[in-house]
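Please read the structure below before turning to the comments.
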Amino acid sequence: MESIRCFDAHCDTVSRCMAAGEGLYENSGHIDLRRGLAFSAYAQIFALFFNSARSIGGRCLTAARHQHDFLIDELEKNAAYAVFCRTTADIQHAAEQHKVAALLGIEGGELLNCEPDNIETAAAWGARYVTLTWNHANALSGTNRERSDRGLTDKGRAFARELYAHGILPDVSHLSDPGFWDLVELGLGPVIATHSNSRALCPHPRNLTDDMFRAIVETGGAAGLNLYSEFVGGEDDSLDMLLRHVDHLLSLGGEDALCLGADMDGCDTLTGGLAGLQSIPALAETMLAHGFDRPLLDKLFYSNWMRVFSMME
């Protein structure tokens, strides 16, 4: 098909590249700038990530600083191909220059030491979202993997308020179910799940229940379709199963709220034989053959994230 626009809200490419000693222009992972240039427009949110189970004495915040610096350095080295973006206007300008629009996300409140005061740092970096938890429970909340019965703490509520006050969205992927509903109950703005699928089709706690997805839609937020095979269907990790997730979430009112949050470079196996960013056009072709029209595909692959993030500017 003709070149498409792509806006993906979650990848772990920065931490993967640093661990592998590779760069952003071309590497052996799922995502690099060279492949991104094949799209008519490409925006990518690069998540900062560090395993909080290995954190000692604020080591996560130090790791986040190093990853932020790596991302900025790589973008400066490749200024002919990519540009760091803070706003949707920046993204549009990058597309006009045919450059990759690189944005920043933070996966896990522990990368900010779970301290509301450190949100100033995230804002200065231009972060568009902070995933409140990763797999391990922290001072903000339990997760869908650890202490799953624990919702937002008082500090977690204060942290969320500060995020919204700084124009940064809280991300509920990895959050416990009670933590999700506590955040929705605050009613402070859009709620996003950057990389989570439908729990009705794949009963993994990382995925969203129907009620959760409907609540996200009602807040004006969005959810990013995750391409990791474990969150698509486990043993049935086919493209057909992925399309069932899309169909189901669209049936819940997701036309303006379903996006892409592929989780590339953060997982071992992509669903249905997808190989990386270069497979997105083929995925779009499959969805077109399934019956989705081009305007809907543009929403899912690009403009829905633009809508949500523009709400916080």
Side-chain angles (χ1 to χ4, degrees), residues 1 4 6-13 16 29-31 35 47 49 107 131 134-135 143-146 148 171-177 180 192-217 222-255 257-294 296-297 299-302 304-305:
M1 68 183 296
I4 63 171
C6 179
F7 189 158
D8 175 58
H10 189 87
C11 74
D12 291 289
T13 304
R16 198 212 70 84
H30 290 144
I31 286 176
R35 281 173 277 183
F49 165 77
E107 186 169 26
T131 313
W134 184 57
N135 284 338
T143 78
N144 48 45
R145 177 174 174 176
E146 188 175 288
S148 59
D171 172 23
V172 300
S173 290
H174 293 282
L175 194 62
S176 68
D177 289 5
F180 173 94
I192 62 170
T194 58
H195 53 305
S196 296
N197 295 334
S198 168
R199 200 181 299 179
L201 294 180
C202 178
H204 195 290
R206 273 279 286 102
N207 288 334
L208 301 165
T209 68
D210 288 358
D211 285 344
M212 287 176 171
F213 185 77
R214 290 191 190 97
I216 285 173
V217 172
L225 193 68
N226 193 318
L227 303 184
Y228 181 26
S229 58
E230 185 174 347
F231 303 147
V232 174
E235 294 181 3
D236 182 6
D237 67 344
S238 64
L239 289 184
D240 285 343
M241 177 57 81
L242 182 66
L243 291 175
R244 287 180 60 193
H245 281 269
V246 177
D247 283 332
H248 183 71
L249 294 171
L250 288 175
S251 76
L252 300 177
E255 179 174 343
L258 184 58
C259 309
L260 185 64
D263 208 4
M264 290 188 187
D265 287 323
C267 62
D268 298 324
T269 308
L270 298 174
T271 195
L274 300 176
L277 188 60
Q278 69 272 23
S279 299
I280 294 299
L283 175 59
E285 282 276 17
T286 299
M287 296 173 76
L288 198 64
H290 183 70
F292 301 135
D293 61 29
R294 291 178 187 273
L296 176 60
L297 288 185
K299 284 186 175 185
L300 303 187
F301 282 98
Y302 194 83
N304 281 347
W305 277 132

- Task: For the residue pair Val246 and Leu300, establish whether any side-chain heavy-atom pair is separated by less than 4.5 Å.
- Result: yes

- Task: Take Leu270 and Leu283 through the side chain to side chain contact (heavy atoms under 4.5 Å, CB included) test and state the conclusion after the steps.
- Result: CA-CA 12 Å; Leu270 298 174; Leu283 175 59; over 6 Å; no

- Item | Intermediate values then yes/no, side chain to side chain contact (heavy atoms under 4.5 Å, CB included), Ile280 and Cys6 | CA-CA 8 Å; Ile280 294 299; Cys6 179; 4.3 Å; yes

- Message: Exactly one of His10, His195, His204 should register a ring pair (Phe, Tyr, Trp, His ring centres under 6.0 Å) with Phe231. Which one does?
- Response: His204

- Does Arg145 reach the main-chain N or O of Leu175 with its side chain, forming a donor-acceptor pair under 3.5 Å? no

- Item | Distance-only polar pair, side chains of Asp237 and Thr271, donor-acceptor under 3.5 Å | no

- Take Asp247 and His290 through the side-chain hydrogen bond (donor to acceptor under 3.5 Å, both in side chains) test and state the conclusion after the steps. CA-CA 10 Å; Asp247 283 332; His290 183 70; 2.8 Å; yes

- Message: Testing the basics here: between Trp305 and Ala193, what is the closest heavy-atom pair and its distance to 0.1 Å?
- Response: CH2-O, 4.5 Å

- Show your reasoning for whether side chain to side chain contact (heavy atoms under 4.5 Å, CB included) applies to Ile4 and Tyr302. CA-CA 9 Å; Ile4 63 171; Tyr302 194 83; over 6 Å; no

- Item | Considering all heavy atoms, the nearest Cys267-His30 contact | O-CE1, 3.5 Å

- Query: Hey, are Asp211 and Arg214 close enough for a salt bridge, meaning a charged N less than 4.0 Å from a carboxylate O?
  - Reply: yes

- Query: If every non-hydrogen atom of His248 is compared with every non-hydrogen atom of Ala200, which pair is closest and at what distance?
  - Reply: NE2-CB, 3.8 Å

- Task: Could you grab the distance from atom SG of Cys259 to atom CG of Asp8, nearest 0.5 Å is fine?
- Result: 10.0 Å

- Taking Asp265 for the side chain and Gly29 for the main chain, is one N or O donor matched with an acceptor at less than 3.5 Å? no

- Task: On the 0 to 90° scale, with breaks at 30° and 60°, tag the His174-Trp134 ring pair as parallel, tilted or perpendicular.
- Result: tilted

- Say whether, by atom type as modelled, one donor and one acceptor occur between the side chain of Arg199 and the main chain of Asn207 under 3.5 angstrom. yes

- Any chance you could measure Arg16, atom CZ, to Ile31, atom CD1, to the nearest 0.5 Å? 10.0 Å

- Task: Could you tell me whether the side chain of Glu146 reaches within less than 4.5 Å of the side chain of Asn135, counting heavy atoms only?
- Result: no

- Quick one: pull up OG in Ser198 and CG in Leu252 and give me the separation to the nearest 0.5 Å. 7.0 Å

- Under 3.5 Å, is there a donor-acceptor pair between the side chain of Ser229 and the main chain of Thr269? yes

- Query: How far apart are the C-alpha atoms of Ile216 and Leu208, what are their side-chain angles, what is the distance that settles it, and do they pass the side chain to side chain contact (heavy atoms under 4.5 Å, CB included) test?
  - Reply: CA-CA 10 Å; Ile216 285 173; Leu208 301 165; 3.9 Å; yes

- Do you know the tightest heavy-atom contact between Glu255 and Asn304? O-ND2, 2.9 Å

- Message: Given 3.5 Å as the limit, does a donor-acceptor pair link the side chain of Asp263 with the main chain of Tyr228, or not?
- Response: no

- Message: Nearest 0.5 Å, please: how far is OG1 in Thr13 from CE in Met264?
- Response: 9.0 Å

- Query: Is any side-chain heavy atom of Met212 less than 4.5 Å from a side-chain heavy atom of Asp177?
  - Reply: yes

- Check the side chains of Asp236 and Ser238 for a donor-acceptor pair under 3.5 angstrom, ignoring hydrogens and angles. yes

- Message: Tell me the closest heavy-atom pair linking Leu297 and Ala284, and the distance in Å.
- Response: CD1-O, 3.6 Å

- Task: Look only at the side chain of His245 and the backbone of Asn197, and say whether a donor-acceptor pair between them is shorter than 3.5 Å.
- Result: no

- Say you draw a straight line from CG of Leu242 to CG of Asp240; how long is it, rounded to the nearest 0.5 Å? 9.5 Å

- Intermediate values then yes/no, side-chain hydrogen bond (donor to acceptor under 3.5 Å, both in side chains), Thr131 and Asp171: CA-CA 4 Å; Thr131 313; Asp171 172 23; 2.7 Å; yes

- Task: Start with the C-alpha distance between Ser196 and Ser173, add both sets of side-chain angles, then the distance that settles side-chain hydrogen bond (donor to acceptor under 3.5 Å, both in side chains), and finish with yes or no.
- Result: CA-CA 6 Å; Ser196 296; Ser173 290; 2.8 Å; yes

- Does Arg244 use its side chain to pair, donor to acceptor, with the backbone of Val232 at less than 3.5 Å? no

